[in-house]
Structure formats: C-alpha cells, structure tokens
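Single-structure report; data block below.
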Amino acid sequence: MSPCNLFHMVQIDFREIEKVWQDKWEKEGVFQPEPSEKPKFFITIPYPYLNGNLHAGHTRTFTIGDAFARYKRMKGYNVLFPMGFHVTGTPIIGLAELIQKRDENTMRVYSEFHDVPENVLVNLDTPEKIVEYFSKEALKSMKEIGYSIDWRRVFTTTDETYQRFIEWQFYRLRELGLVVKGTHPVRYCPNDMNPVEDHDLLHGENATVVDFTIIKFYYIDSSGEKIILPCATLRPETVFGVTNIWLKPVKYTIAKVNGEKWLVSEEAYEKLTFTEKEVEMIGEVNAEELFGKYAINPVTQQRIPILPADFVDTDNATGVVMSVPAHAPYDYVALEELKRSEMAKKYNLSEILEKIEPIVLISSGEGEGIPAKMIVDEMGIKDQTDPALERATKLLYKREFHKGILLDITGEYAGIKVSQIKDKLQRDLIERDIGDVFYEFSEKPVVCRCGTKCVVKVVRDQWFLNYSNPEWKARVLEHLEKMRIIPDYYKEEFRNKIEWLKDKACARRKGLGTRIPWDREWLIESLSDSTIYMAYYILAKFINQGVIKAENMTKEFLDYVLLGEGDFEEAVKSSGLDEEIVKKIRDDFVYWYPVDMRSSGKDLVANHLLFFLFHHIAIFPVELWPRAIAVNGYVSLEGKKMSKSKGPLLTMKRAVRENGADVTRMYILYTSEYDSDADWRRRDVETLSQHLRRFYDLVKENYGEKKEPDMLDRWLISRFQKIVKETTDAMENFQTRRAVNAAFFEMMADVRWYLRRGGDNLSVILDDWLRLLSPFIPHICEELWHLRHDSFVSLENYPEYDENKVDEESEMAEEYLKNLISDIKEILKFVEARTIYIAVAEPWKFDVLEIVKGEKELRNAMKKVMEREEYRKMGKNVSAYLKNLMKEKIDFILQEEKLIRDNIDFIKKEVGVEVVLDSDKVPESKRKASIPGKPALYAVS
RNA sequence: GCGGGGGUUGCCGAGUCAGGAAAAGGCGCAAGGCUUAAGACCUUGUCCCGUAGGGGUCCGAGGGUUCAAAUCCCUCCCCCCGCACCA
C-alpha cells in the first residue's frame with residue numbers, strides 16, 4: 001500500500017468512528033434536555049444566515065460554543081444548546097436573482113467554494129428553494145461535526161409561528177413607546193429605486209453620509225426676488241468670517257425648494273429631488289452673470305461679493321461655497337490667485353478684491369496672524385491646483401477643531417470650543433430659518449452594481465427603534481456592569497457602543513421576513529427580528545411537535561408564557577390550547593430562561609449583540625436578562641480573508657469530510673484564542689491529524705486494568721491533576737486554546753516522558769484523560785471510552801482537581817532526573833568521556849539549606865548561617881555556596897543518592913555512557929560547586 | 001478623526017493584571033535513532049559565544065521608577081478591527 005493510501009485510510013477511519021457515535025447520540029437523544037433538578041445552563045450561538053453553506057467562521061464560533069456546552073454538561077449542568085436558521089432580509093432574494101440570471105461570478109463561487117453541485121445550483125432560483133437547500137445542508141454539516149445541539153427546536157425565521165412571535169414582540173415594543181417614526185438619510189440607487197447595501201456597490205463602499213450645514217445667503221435679483229445661495233459647509237462657525245461667495249463659472253439651476261428660490265448646481269438640484277423637500281426646477285442662470293454682485297450673510301447681515309473660483313466642485317453638496325480666507329487655505333489661495341488673474345479683469349473685480357480682508361474668528365493658541373495664510377506660506381503653496389492644499393486644509397481643520405476657541409467676533413458663541421459648536425449652531429440656524437442640512441457622500445463616486453450613481457435619499461415616516469432613548473440606554477448600561485463579558489475588555493467596547501448607538505430604522509420595503517403588524521406595507525428589518533428569539537427555542541419544541549400552531553400564538557398566550565403577565569385562564573382561552581400544555585410551556589420557559597451565555601463572532605458586537613441586550617432589557621423582567629456574552633475572532637484561509645460572495649471559502653462540510661470532525665474541531669479550538677483571528681492552514685491541520693492518530697493508538701494500546709500505582713505512576717497522576725486544574729480554569733474563562741494546549745499537548749509531553757521512563761500503567765489516568773478531552777474531540781473519546789465502559793463519555797462527570805493526588809516529591813524527583821540527564825548531556829557536548837562520576841552535595845550543604853529554607857534575601861540568609869561557629873570557620877566556602885544556592889533557588893531536599901541509584905540504568909541509557917555514583921572519584925574542585933539538587937559531575941575518558 | 005485591541009525567539013503564540021534570571025505549547029527546520037522504506041514513530045537541537053553542566057544578548061523605539069522591568073509610568077512609531085441600518 002502506498003503512503004498516500006495509508007494516509008487516506010486514516011481519515012476514513014475517523015469518519016467512520018464519528019458516524020457511529022453521532023448516530024448513537026441521536027438515537028438515544030442524549031442532547032435533548034428536559035427540565036430537571038439539576039441546575040440549568042442555556043447557551044446560544046447566533047443562528048447562521050443561510051445565503052450559502054456554513055464555513056470556517058461558523059465552524060469556529062459554533063465549535064467554541066459546543067465545546068463549552070459539552071464542558072458544562074459534564075460539569076453537572078442541564079445544558080440547553082439549540083440552533084435555528086436566519087433567512088430574513090435581502091441577500092437571499094438577491095442570490096436567487098443572481099442565480100436566475102446565471103451570474104457568472106455567483107455560479108462560480110457557489111459551485112467552487114460553497115460546493116453546491118451544478119445541477120442543484122441552477123435550480124436554486126427562488127428564495128424558498130435556497131432556504132430549503134441551505135438549511136438542510138447546514139443541519140447536516142452541524143451533525144457531521146458532532147455538535148451537541150437539541151435539534152428538536154430548530155426553526156427558520158420565515159416560519160409562520162416565528163412571525164407571530166415577532167409580531168408580538170413589535171406590538172410590545174410599540175406599547176413601550178420604543179418604536180417611533182422618523183426620517184433618515186440612506187444610500188440610494190435611483191435606477192433600482194432602493195436603498196443600497198455595501199455588497200450592492202461597484203464603488204464607494206467606504207463612503208459615509210456626512211451632513212453639511214447649509215447657510216442661506218441670499219441676493220435680490222433684477223425682478224426684486226430673493227434668491228437663496230445655499231452655502232454648504234462642514235464648519236458652520238466660520239460663517240462669521242465669510243468675505244465672499246464662490247461660484248464656478250458654469251450654469252447653475254434656480255429651483256423652488258419648499259417655497260423658496262434656491263440657486264444650486266445642476267448636480268445639487270438632482271440630489272435635492274431625493275430629499276424630503278419639495279423641489280421644482282424653475283430656471284437656469286449662468287454664474288458669470290453674478291460675479292461682482294453682492295449677497296447678504298444672513299448671520300452677520302454683511303454685504304459680500306460673489307466671485308468666481310475653479311476649485312468649486314459642483315458635484316459636492318450645493319455647489320455654492322462661502323469663502324473664509326482666514327481659516328480655509330483653499331479660500332485664501334483662491335482669493336490671492338484671483339487678484340492676479342485674468343478673471344479679475346474680465347469680470348471687473350479688482351476694486352472689490354482690494355477691499356477683501358480675511359476675518360479671523362478662531363484662536364487656537366498658535367499666535368497672532370491669519371491661520372490660513374500662515375500655513376499656506378509655510379508649505380509654500382502657490383495656487384489652487386497644488387495638492388498640498390488638501391493637506392494644509394486637513395491640518396488646519398484638525399488643529400482648530402481640537403484646540404480652537406471662538407473669538408468675540410462670533411457674538412453669543414464667543415468662548416465656545418470649536419469641537420462643541422457644530423451641532424448647536426446648526427440647530428440655531430435651522431430654528432431661525434437661515435440654515436438647513438444637506439447630506440452628501442464622504443467619498444465619490446458611489447456607484448451601484450447596476451452602474452447608476454447613487455444618491456443620498458432621505459426616507460420619511462420610517463419606523464425606528466428608539467435606541468437613543470436615554471432611559472433605555474441607562475438601563476442597558478447598568479445591566480452591562482452586572483454581566484460577564486468575555487474577553488473582559490469587551491465590556492468597555494460594549495459601553496462605548498451603547499452610548500454611540502442611535503435610532504435604527506427597522507422597516508424595509510424589500511426582503512424576506514415579518515411585516516410590521518400595524519403597518520403592513522413595511523417589513524421588519526432582519527437584525528431587528530433577531531433580538532430575543534432565544535425565547536422562541538422554548539416554544540419551538542412544542543411547535544415542531546405540532547402542539548402549538550400559529551393560530552394558538554395569541555398575545556395573551558405569549559404574554560403569559562414569556563412574561564408571566566396576564567391571566568392563565570385568558571391565555572388558555574385565547575390560545576385554544578389545553579391547560580396542561582400552557583402550564584408546561586410556562587414551566588419550561590421559567591426553567592430555561594434567561595440566556596446564560598451567548599457566544600458569537602466579534603463582528604456582531606456593534607449590532608446584533610447590542611440589540612440583543614436592548615430588547616431583552618426592554619421586554620423582559622430583570623431576572624430574565626442575559627448573563628454573559630463571549631466573542632471570538634475570525635478565520636482566514638492560508639492567511640487570506642474569506643468571502644462568502646467572492647471566495648476563498650472553506651465550508652464546514654468540506655473541512656469535516658477532508659479531515660474528520662475531531663481534527664477540525666480541535667484545530668479550530670487550538671489555533672487561536674478569544675478575539676484574535678485564526679488562520680486555517682492545511683498543512684497544520686494535517687499534522688494535527690497525526691497527533692490525534694497517535695493519541696488514538698496510544699490509548700488503544702495502553703487502556704487496560706489499572707495496577708497499584710508506583711512512584712512513577714504517582715508522578716503521572718500528579719501531573720495530570722495539574723493539567724486538570726489548568727484545563728478547567730481555561731474553560732471557565734472560555735479559553736479553548738489554553739484548554740486544549742494543556743489537556744492534550746502538555747499532557748502528551750508528560751505521557752511521553754512517562755513511557756520513556758518505562759511507565760507501564762498508563763491506565764491510571766486514561767479514564768480521566770478521555771473525560772478531560774471529550775468536549776474537544778468527543779468522537780474519538782467516545783470510541784475509546786467504550787473500550788472499557790458502556791456509558792456515554794459525553795455524559796460523564798468532568799474530572800475534578802484533587803489536591804490529594806498531587807505528589808510534589810515525585811514531581812521533584814522527576815525534575816531532578818531531567819536536570820541531571822540534561823547536565824550530563826551538556827557536558828558530553830564538550831568533553832569526550834566514557835564515564836561520568838556523580839557526587840551528591842556534601843552533608844553540611846543540606847544542613848545549611850535547612851537553616852536558610854524559605855529565606856529569599858541573600859543578606860539575611862548569610863547572617864542566619866554565620867550565627868553558627870562551625871560555618872564561620874568555613875567562611876569563604878560557605879558564602880560561595882550560599883550565593884550559588886540562592887541563585888538556583890533550591891529549597892527542597894531529596895534523597896538524591898537513592899534516586900540516582902534506583903534510576904542508574906535509565907540515566908545510562910539516556911546519556912549513552914557509563915555513569916557511576918561515587919563521590920571519591922570526583923575531585924574537590926568540582927565538588928565545591930555542588931549544591932542540593934545539583935550534584936557535582938566529573939567526566940573521565 | 002473617535003473608540004477597542006495589538007507589536008515577544010523563522011512562524012503561530014504563552015508570559016503583562018499581582019515586577020524576581022523570558023520564551024510553555026504548536027508549526028517549520030536540522031541531526032541522530034528506528035525502519036526494506038517513508039511525509040510514520042522516538043530523541044535531541046533550533047538568538048549568539050563556549051572542548052565542563054557556563055557566559056552574553058533580547059521582548060516595536062526612546063526615556064523614567066526600582067536592588068530588579070516584556071511586565072509599572074511617560075513620549076513616539078507601526079499594525080488590525082468597528083464607526084451602522086448590513087447580514
């Protein structure tokens with residue numbers, strides 16, 4: 001048989017074992033808990049979104065959760081670990097459309113990376129078929145990797161019963177006043193007539209929506225009409241320093257905007273039509289006609305000229321710019337350049353330009369002068385096209401934003417920090433009807449996948465979840481402090497995100513999901529319907545049994561079983577369910593809730609996990625609020641980021657089929673910790689598979705009757721106890737990497753030493769070792785466990801650390817031998833020798849050690865010893881020894897001679913030369929250096 | 001920019017909270033053993049120097065506190081993630 005075939009046989013072997021135990025677990029329903037006397041533990045993982053197969057990222061999050069569930073189960077908890085499927089929202093619809101269109105990239109990615117067979121893929125042309133297919137695949141994958149999930153509770157978020165549950169939730173939130181109406185800006189494709197998400201974009205994924213302040217400068221035209229010049233700015237406070245208006249010498253549009261006449265660029269007009277404003281085009285005007293004319297600053301009432309500037313970008317905001325030469329480098333340079341230019345002559349502006357003086361309105365403690373001029377001079381900027389101008393602008397803006405204070409010229413705003421003025425001023429201007437807001441992308445272009453340029457659309461009368469509600473936030477923050485967050489520094493992250501959270505639009509026009517029950521033209525957005533569904537798992541078991549149907553899920557029923565509110569009789573009556581059933585469901589719920597642990601990828605911190613907290617706190621009584629959250633990092637493939645829609649991607653199924661469930665599990669648990677990212681490396685996975693193979697063979701060969709433990713066995717047992725302690729501590733802290741490292745690799749190292757030392761009683765730890773490893777590699781452990789037991793190791797008790805089994809003496813003895821062998825080998829590296837003579841330290845050295853035991857300071861130790869006359873006489877010898885002793889930190893005393901004699905054959909075998917314990921053969925010069933624990937050695941050729 | 005995390009030996013990563021001779025464990029590489037043979041197994045080595053078990057260097061950079069700093073304090077540099085309405 002070729003090595004290659006042998007290699008494959010190994011994999012198949014594991015897969016067969018795995019199948020056997022998965023079937024038995026399922027057949028005997030070992031992971032289907034019911035309320036009992038035992039303490040409960042309810043762990044949940046966010047259900048996967050099914051626009052593809054489960055991948056390595058899911059594998060990581062779910063495996064961590066499963067290992068923890070298994071650990072807790074063995075620790076004596078009644079563990080509920082359920083799973084459902086998320087299909088709400090737009091991506092599945094989008095995918096169906098792409099498959100319908102036979103989109104090339106999609107077809108390639110789904111066959112190549114998602115492993116969907118070609119003939120199946122072409123038929124996945126409706127959302128329903130996609131959900132059907134991927135939910136089956138997901139379920140299969142999760143069974144194949146051996147998760148201890150209670151599958152009686154599985155559901156999909158488009159189930160009618162689930163929709164009833166969501167409706168109930170939304171009615172509840174509305175009653176609490178937490179669903180409100182509002183308006184907000186979104187990225188929008190005019191062609192598709194739909195808001196666009198990141199993955200719908202060709203360009204501009206990084207663009208954010210920024211709100212410019214509009215300040216309504218104006219002029220009176222020849223017919224006496226007031227025409228508004230809506231200057232757009234990110235720095236409204238500089239309105240006090242405006243010296244002129246900039247327009248580009250091109251055609252502008254005059255439009256009626258909410259009854260006023262506005263002059264804006266042609267592009268800006270288009271954009272305005274997507275806002276909530278009423279907009280109508282009424283004419284055009286060439287900007288050239290306005291140069292040299294005057295406008296009024298509505299804040300200061302000053303008359304200021306309208307001037308030409310090429311740097312004006314008509315596709316940015318309104319295309320009308322106010323000029324603040326004292327604080328805006330662009331304005332300053334443009335003004336200086338204009339003074340020298342042909343344009344000044346052409347439009348007859350020289351006289352006007354001479355009178356313009358920059359107006360300083362901010363002090364940032366950088367001394368006297370005009371800030372924009374200073375920075376422009378400093379950087380040697382000559383004209384508007386100099387790229388350094390962008391840098392100068394940013395630099396100055398940053399400095400003034402952080403350090404700037406408004407000067408007296410700003411009147412009522414004098415003394416306020418620049419960083420604190422923007423929102424206030426914007427509000428004031430709008431209140432006085434001389435201001436407005438204009439939304440614009442931070443980066444351009446933003447282009448939809450259909451090729452159309454996107455705009456910012458302001459959506460009116462949208463339903464919002466009122467997360468900005470200060471009382472709601474305060475309650476969430478307060479509860480957060482009582483929660484366990486893993487890793488702990490994420491608590492700070494959560495704190496910040498809670499404070500940062502604004503109202504969230506929770507209604508959509510398009511997608512799968514549940515309609516807002518009181519406003520059925522809207523669908524509930526898909527993150528908003530996934531906040532408290534862990535409660536639904538309790539109902540799901542009854543729903544799947546056919547006991548509860550959608551029509552039974554009335555408000556009274558849900559109020560009663562989930563909140564304990566209302567009347568039992570009412571709940572029974574309105575639901576049409578039997579009394580015992582309602583009572584049973586309520587009892588189940590009371591037993592299982594709240595969620596004890598929610599474990600998730602770190603990508604959900606700033607969204608789902610926040611909503612999860614907010615909604616629980618809004619809806620449920622305090623005793624049912626979540627107890628703990630854990631987050632983990634991502635998984636990359638050979639250093640490359642995974643992508644569901646572009647590849648590369650490794651599916652859970654493929655990982656398991658190629659490597660086996662236990663190898664996959666252990667790799668993903670061991671390869672990284674907490675929120676640090678894991679990397680899936682084929683080569684490493686294969687070596688790990690060898691480790692497990694070795695382990696399997698080792699246990700199989702050594703698993704027998706335990707013999708009475710000897711000294712070496714006691715050492716092994718002692719080491720094992722420390723491993724148990726380390727593993728348990730790691731698991732309590734949700735550290736699977738540390739746990740696997742200890743339970744598997746470090747124990748393995750000790751076992752190797754044990755066998756090398758001639759240990760032949762490995763069984764003394766095997767029962768416990770299998771139990772210890774069972775949460776990580778359950779199938780192999782189950783298989784091996786059944787060599788000698790009939791029970792499921794998955795349901796056994798986890799090993800407990802037992803201090804009485806710790807044997808410090810045997811540990812010291814083994815340590816002593818390791819050191820001795822290593823020292824001899826070190827010497828043999830440099831000295832050709834046939835015999836090594838060993839001399840244990842002289843008896844007086846042991847006496848001194850007794851005297852100074854526990855003493856850490858050399859000075860004090862020296863004093864203590866020198867109190868005795870016999871040592872004072874030995875003077876120098878003693879002090880040299882003592883220094884050495886303190887340095888080596890020796891504080892134990894062993895029967896060294898006996899230890900060496902008993903193990904002399906082993907030592908000889910290890911070092912490969914003759915070894916003799918005979919102090920007479922070791923010269924005095926060597927003996928001097930010996931200390932307890934470190935005998936003198938002498939090499940003779 | 002704001003917020004969170006991080007920078008340790010060829011790589012991944014312990015160690016940092018509670019200062020006491022840094023480098024657990026894994027991977028990779030090398031040598032020896034075993035073997036018909038092997039990518040399998042066992043052992044050893046893997047910052048530098050060393051023909052006696054030793055010595056030296058070292059934790060992004062630079063300062064400081066201390067008998068003693070990867071660890072505490074200050075300044076700086078670099079990297080990753082989030083900043084939303086999207087699952």
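Each chain gets a letter, A, B and so on, in the order the sequences are listed, and its residues count up from 1.
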Side chain to side chain donor-acceptor pair (under 3.5 Å) partners of A:Y490, counting only residues at least two apart
A:D675
Is any side-chain N or O of [X] closer than 4.0 Å to OP1 or OP2 of [N]?
{"X": "A:H608", "N": "B:C86", "result": "no"}
{"X": "A:R683", "N": "B:C12", "result": "no"}
{"X": "A:K491", "N": "B:G3", "result": "no"}
{"X": "A:R694", "N": "B:A40", "result": "no"}

Find out whether the Lys NZ or Arg CZ of A:R757 is both under 6.0 angstrom from the six-membered ring centre of A:F906 and within 45° of the ring's axis.
yes
So what does A:Y938 touch, heavy atoms closer than 4.0 Å: a base, only the sugar-phosphate, or nothing?
base
Identify whether any heavy atom of A:P48 sits under 4.0 Å from a base atom; if not, whether one sits that close to sugar-phosphate; answer base, sugar-phosphate or nothing.
nothing
Does atom NZ (A:K473) have a neighbourhood of more than 12 heavy atoms from anything else shown, all under 6.0 Å?
yes
Counting only heavy atoms not in A:K818, do more than 12 sit closer than 6.0 Å to its NZ atom?
yes
Partner nucleotide of [N] by Watson-Crick or wobble geometry (both distances under 3.5 Å):
{"N": "B:C59", "answer": "none"}
{"N": "B:G25", "answer": "B:C12"}
{"N": "B:C17", "answer": "none"}
{"N": "B:A40", "answer": "none"}

Just checking, is any N or O donor in the side chain of A:S672 or A:R60 under 3.5 Å from an acceptor N or O on the other one?
yes
Any side-chain donor near an acceptor of the partner, A:T88 and A:D529, under 3.5 Å:
yes
Polar atom pairs (N or O), protein with nucleotides 43-45 of chain B, under 3.5 Å:
from  : atom 1 : to     : atom 2 : distance (Å)
B:U43 : OP2    : A:R752 : NE     : 3.4
B:U43 : O3'    : A:R756 : NH1    : 3.4
B:U44 : OP1    : A:R756 : NH1    : 3.2

Distances for protein N or O near nucleotides 22-24 of chain B N or O, under 3.5 Å:
from  : atom 1 : to     : atom 2 : distance (Å)
B:A24 : O2'    : A:E746 : OE2    : 3.1

The answer to which of A:A606 and A:F464 contacts RNA chain B further toward the 5' end, by nearest nucleotide, is A:A606
A:Y490 or A:V831, whichever maps to the more 5' nucleotide of RNA chain B:
A:Y490
Holding to ring-ring contact (aromatic ring centres under 6.0 Å, His included), I want the full list of residues that pass it with [X], two or more places apart in sequence or in another chain.
{"X": "A:H86", "answer": "A:Y47, A:Y49"}
{"X": "A:Y467", "answer": "A:W472, A:F611, A:F614, A:H615"}
{"X": "A:H58", "answer": "A:H55, A:F62"}

